[in-house]
Amino acid sequence: RGLCTLLDTTRIMKYIAAYALCALSGNTPAKADVEAVLKAAGVAVDAARVETLMTEMSGKAFDELVAEGQKKMSSGAAAPAAAAAGAAKPAAKAAAKAAEPSDDDDDEMGGLF
């Protein structure tokens, strides 16, 4: 089931990417535009999938959807990043303490220095 979901997600992303490329032209993508991009990329076009995408995107501004997605991603990523930063502080202190020279360093070289 996991692999099928991943493969399906990859296929869906190709359609979204084709729509995004068309949207970057500054015009609202038409079904034919998206299909043309998919064909140019060597993707076997599923008309039902294109129709679903066009229905989902109808009346929505692509750049606004992207901005909304970026906000969601940045707010969701902040919590794990903060937790990781907090966990890194004790590790950094331990590493700094380990790097401090000690009187025993001379013994490690056989007393040469």
Side-chain angles (χ1 to χ4, degrees):
R1 177 168 152 83
L3 180 59
C4 291
T5 302
L6 178 63
L7 292 175
D8 194 45
T9 300
T10 301
R11 286 187 201 114
I12 292 168
M13 291 305 297
K14 289 178 182 179
Y15 286 76
I16 295 171
Y19 187 94
L21 286 171
C22 294
L24 288 173
S25 72
N27 299 320
T28 302
K31 183 178 176 180
D33 298 330
V34 175
E35 290 175 343
V37 170
L38 289 167
K39 288 177 184 174
V43 175
V45 178
D46 179 348
R49 202 173 284 249
V50 174
E51 188 61 41
T52 300
L53 175 65
M54 299 307 292
T55 300
E56 290 293 322
M57 296 302 293
S58 179
K60 299 175 183 171
F62 183 75
D63 54 341
E64 290 175 10
L65 292 174
V66 170
E68 183 180 317
Q70 287 176 328
K71 284 182 191 175
K72 287 180 181 180
M73 290 179 67
S74 65
S75 67
K89 288 180 183 178
K93 287 182 182 177
K97 185 168 182 143
E100 292 177 4
S102 69
D103 295 337
D104 298 338
D105 285 347
D106 291 339
D107 295 335
E108 291 176 14
M109 298 300 290
L112 292 175
F113 299 101

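The analysis underlying the following values was restricted to heavy atoms, covering all of them including side chains, and did not include hydrogens, waters or symmetry mates.
For Lys60 against Glu56, the heavy-atom pair with the smallest separation is NZ-O, 2.9 Å.
Ionic pairing of Glu35 and Lys39 is not present here: no N-O contact between side-chain nitrogen and carboxylate oxygen is shorter than 4.0 angstrom.
Ile12 places a side-chain heavy atom less than 4.5 Å from the side chain of Arg49. Side-chain contact between Met57 and Leu65 is present, with at least one heavy-atom pair separated by less than 4.5 Å.
Interatomic distance, NZ of Lys31 versus OG1 of Thr55, reported as 8.5 Å (0.5 Å rounding). Note that OH of Tyr15 and OG1 of Thr52 are 10.0 Å apart. Values are rounded to the nearest 0.5 Å.
For Asn27 (side chain) and Pro29 (main-chain N/O), no donor-acceptor pair under 3.5 Å exists by modelled atom type.
No single ILVMFWY cluster, assembled from side-chain heavy atoms under 4.5 Å apart, contains both Val37 and Val45. The hydrophobic cluster containing Leu21 does not contain Met54, counting ILVMFWY residues as joined when their side-chain heavy atoms lie under 4.5 angstrom apart, directly or transitively. Each of Leu24 and Met13 belongs to its own hydrophobic cluster when Ile, Leu, Val, Met, Phe, Trp and Tyr are linked at side-chain heavy-atom distances under 4.5 angstrom.
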For this session: List the steps and the verdict of side chain to side chain contact (heavy atoms under 4.5 Å, CB included) for Phe62 and Thr28.
Result: CA-CA 8 Å; Phe62 183 75; Thr28 302; over 6 Å; no

For this session: Go through Lys72 and Glu68 one step at a time and tell me if the salt bridge (Lys or Arg N to Asp or Glu O under 4.0 Å) criterion holds.
Result: CA-CA 6 Å; Lys72 287 180 181 180; Glu68 183 180 317; 3.6 Å; yes

